[in-house]
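Predicted model, so just to flag it, every value in this text is computed and none were measured. Order of the sequence lines fixes the chain letters, A, B, ..., with proteins taken first and strands second; residue numbering starts at 1 for each chain. Below, all heavy atoms of this structure are taken into account, side chains as well, without hydrogens, waters or symmetry copies.
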Number of protein chains: 2
Amino acid sequence: MNKPIELSIGCENCQIKHRAVCARCDEDEFATLEKIKYYRSFEAGQTVIWSGDRMEFVGSVVSGIASLTQTMEDGRTQMVGLLLPSDFVGRPGREAATYDVIATTDLVMCCFRRKPFEKMMLETPHVAQRLLEMTLDELDAAREWMLVLGRKTAREKIASLLSIIGRRDASLKLEGMAGKIVFDLPLTREAMADYLGLTLETVSRQMSALKRDGVIQLEGKRHVTVPSFERLLDEAGDDADGGLMA
Amino acid sequence: MNKPIELSIGCENCQIKHRAVCARCDEDEFATLEKIKYYRSFEAGQTVIWSGDRMEFVGSVVSGIASLTQTMEDGRTQMVGLLLPSDFVGRPGREAATYDVIATTDLVMCCFRRKPFEKMMLETPHVAQRLLEMTLDELDAAREWMLVLGRKTAREKIASLLSIIGRRDASLKLEGMAGKIVFDLPLTREAMADYLGLTLETVSRQMSALKRDGVIQLEGKRHVTVPSFERLLDEAGDDADGGLMA
DNA sequence: GCAGACCTTTGACCCAGATCAAGTCTAGGC
DNA sequence: GCCTAGACTTGATCTGGGTCAAAGGTCTGC
């Protein structure tokens, strides 16, 4: 595998670097990206782009969280992707957006105009290959989520979501010897429900249940402490007998 | 967009062509693919590759149907992808398979050894770009399916599956003026259930219900006639009041 | 400090789909 | 023609999560 190839889209002002690099062409691509880059900020709840709209840019999340959401005519919605900082947004080669992209929290994105980006991609094979890898990763994540949606119980779904968020949370830190993991949930109960194919009431109930059973700790509504992701997923599995049987 | 670029992996013996082509380099790539190609046949129910196994090839389905399936330790399974003829299998750049690949019906695959295929990809930018497009399509399909799994009722799920199968069925033909669509279901009720996140009993009941309500016709267990996909999806939506009220 | 807008929790009840349990249908095999 | 096995259907019952409704919390602006 060609390790020296690298692509991560961001910018040098943020903690996230944007580079489209191989041993030979480093500076060129960097400069190309510089020229076509701009920023956009959104408030929590704002729609970045509606499904079907022309997509004028690709880019990546600098800070905050965005969600990809599908909506049925009758209003049922399903979140189909969660974009955390450094995640890439957009489809080189696609004219129109396929989903609503919504700022779940306050959001800053680093954008690149789509046409020149595509041109750069055509001229720089490594970029297409890196994007292919990234897309394959997204595909794996989507399929992993299909298992969650199709076969897991509400309690297991919550545990899966906490793991995903927890694992990627920037502020993630180990606490004390016990190796507990502490982070803040950046989603409302409703957003969690939309991602998990549940209702917000069920999410709330299951969060309370996990807390009651001592699987997680909750301070306030959003500050979560979990023992370890393995134990979280395990204990969410064996369904809360609370030690009542013999 | 560069229209003359084309990639479809298959072989010239089958109806499916394998080509990795652009206006300039047509014959070369074709020859490269020829050299590294071989066939594999599987019986219905056989496992093509287990999750975690080394993936020695990429390729495409020539005939039959394969499924990508995820299994939990306790045996719950979720199908995360359905591979119909001409669909591409495998991950250039990935060592190990991420899911079980299972022959749902008798299956013939046209395979290319992975290493040389990857090499060819590195040397032929168009191939990487075409694979990116294909992967983006798969990603869209996976996300579409997340909506089905997360938010649709059993009846709607069945309708969605029938649409997908029907639309891609090779034997698809219009019948009479009415423009009805006729095809054979290549899946057992159990396989349908695995794809839809349901049990086989529920699948069976809903199939019977759709038939009883006149939304579809069934001859035998597998031969299906639907009016049109639009009406199928619509009528599956408004839930079978059968005209009893009023 | 109070009003209003959210977000969240909790309770009571209900129903779609799961589970458990018989059957039926069909295609081979002999 | 009969036997068996797998695919399928159907019924009875149970239950996880949805739905509806009513309260807490917490933050913002006044």
Undergrad: Is the closest basic N to carboxylate O distance between B:Arg155 and B:Asp213 below 4.0 Å?
TA: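 Salt bridge present between B:Arg155 and B:Asp213.
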Undergrad: Can a side chain N or O of A:Thr202 be found less than 4.0 Å away from OP1 or OP2 on D:dG16?
TA: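 Checking A:Thr202 against D:dG16: no side-chain N or O falls below 4.0 Å of OP1 or OP2.
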Undergrad: Is B:Arg222 close enough to D:dC8 that one of its side-chain N or O atoms is under 4.0 Å from OP1 or OP2 there?
TA: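 Yes.
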Undergrad: What are the atom names and distances for every N/O pair under 3.5 Å that joins the protein to nucleotides 20-22 of chain D?
TA:
unit_1, atom_1, unit_2, atom_2, d
D:dC20, N4, A:Glu201, OE2, 3.3

Undergrad: Expressed as a whole number of angstroms, how long is the span from A:Lys152:NZ to C:dA18:P?
TA: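 Whole-Å distance recorded here is 18 Å.
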Undergrad: In whole angstrom, what separates B:Leu200's CG from C:dG17's C1'?
TA: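 Atom-to-atom, B:Leu200 to C:dG17, this comes out as 13 Å.
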Undergrad: Where each residue is assigned the nucleotide of DNA chain D containing its nearest heavy atom, which of A:Leu198 and B:Ser208 is assigned the position nearer the 5′ end?
TA: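 Its nearest nucleotide being more 5', the pick is B:Ser208.
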Undergrad: State whether B:Arg189 and B:Glu201 are salt-bridged, where the test is any N-O pair (Lys NZ or Arg NE/NH1/NH2 against Asp/Glu carboxylate O) under 4.0 Å.
TA: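 Here B:Arg189 does not pair with B:Glu201 in a salt bridge, since their nearest N and O are not under 4.0 Å apart.
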Undergrad: Donor-acceptor pair, distance only, cut-off 3.5 Å: does the side chain of A:Asp74 make one with the backbone of A:Arg76?
TA: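 Yes, the answer is positive, given that a donor and an acceptor are paired below the 3.5 Å cut-off.
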Undergrad: Just how far, in rounded Å, is C1' of D:dG18 from NZ of A:Lys157?
TA: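 Going from A:Lys157 (NZ) to D:dG18 (C1'), I get 12 Å.
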Undergrad: With DNA chain C as reference, determine whether A:Arg151 or A:Arg189 sits nearer its 5' end, using the nearest nucleotide of each.
TA: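 Result of the comparison: A:Arg189.
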Undergrad: Answer yes or no: does a side-chain N or O of B:Thr188 lie under 4.0 Å from OP1 or OP2 of D:dA7?
TA: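 No, B:Thr188 has no side-chain N/O under 4.0 Å of OP1/OP2 on D:dA7.
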Undergrad: Select base, sugar-phosphate, or nothing to describe what A:Gly45 touches, counting heavy atoms under 4.0 Å on all strands.
TA: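 It contacts nothing in the nucleic acid.
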Undergrad: Rounded to whole Å, please give me the gap between CG in B:Leu196 and P in C:dG17.
TA: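 So the CG-P distance, B:Leu196 to C:dG17, works out to 11 Å.
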Undergrad: Hey, what are the protein-to-nucleotides 13-15 of chain D N/O distances that come in under 3.5 Å?
TA:
none

Undergrad: Quickly work out the A:Lys211 NZ to C:dT10 C1' distance and round it to whole Å.
TA: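 Taking atom C1' of C:dT10 as the reference, NZ of A:Lys211 is at 13 Å.
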Undergrad: What's the CZ-C1' distance between B:Arg212 and D:dT10, to the nearest Å?
TA: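 About 11 Å, once rounded to whole Å.
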Undergrad: For B:Gln206 and C:dC15, what is the distance between atoms CD and P respectively, to the nearest whole Å?
TA: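 It works out to 16 Å between those atoms.
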Undergrad: With rounding to the nearest 0.5 angstrom, report the CG to CH2 distance, A:Asp140 to A:Trp145.
TA: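 The CH2 atom of A:Trp145 is 14.5 Å from CG of A:Asp140, to the nearest 0.5 Å.
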Undergrad: Measure from CZ on B:Arg155 to C1' on C:dC15 and round the result to the nearest Å.
TA: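 Atom CZ in B:Arg155 sits about 16 Å away from atom C1' in C:dC15.
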Undergrad: Quick one: which of B:Thr69, B:Thr188, B:Thr71, B:Thr77 gives a side chain to side chain donor-acceptor pair (under 3.5 Å) with B:Asp194?
TA: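 Only one option passes, and that is B:Thr77.
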Undergrad: Can a side-chain donor-acceptor contact be found between B:Thr202 and B:Thr199 if the only test is distance below 3.5 angstrom?
TA: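 Side chains of B:Thr199 and B:Thr202: pair found under 3.5 Å.
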Undergrad: Give me the one residue out of A:Arg205, A:Gln206, A:Lys152 that meets side-chain contact (heavy atoms from CB on, under 4.5 Å) with A:Ile158.
TA: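 Checked A:Arg205, A:Gln206, A:Lys152 against A:Ile158; only one passes side-chain contact (heavy atoms from CB on, under 4.5 Å): A:Gln206.
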Undergrad: Measuring from atom CG of A:Asp100 to atom OG of A:Ser67, what distance do you get when rounded to the nearest 0.5 angstrom?
TA: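 Nearest 0.5 Å value for the CG-OG distance: 8.5 Å.
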Undergrad: Taking OP1 and OP2 of C:dA18, is either one under 4.0 Å from a side-chain nitrogen or oxygen of B:Thr199?
TA: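 Indeed, a polar side-chain atom of B:Thr199 lies that close.
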Undergrad: Please determine whether a side-chain nitrogen of the Lys or Arg among B:Arg113 and B:Glu56 lies less than 4.0 Å from a carboxylate oxygen of the Asp or Glu.
TA: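 Salt bridge between B:Arg113 and B:Glu56, a charged N being under 4.0 Å from a carboxylate O: no.
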Undergrad: Parallel, tilted or perpendicular for A:Phe57 and A:Tyr38, by the 30°/60° rule?
TA: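 Rings of A:Phe57 and A:Tyr38: perpendicular, as their planes differ by over 60°.
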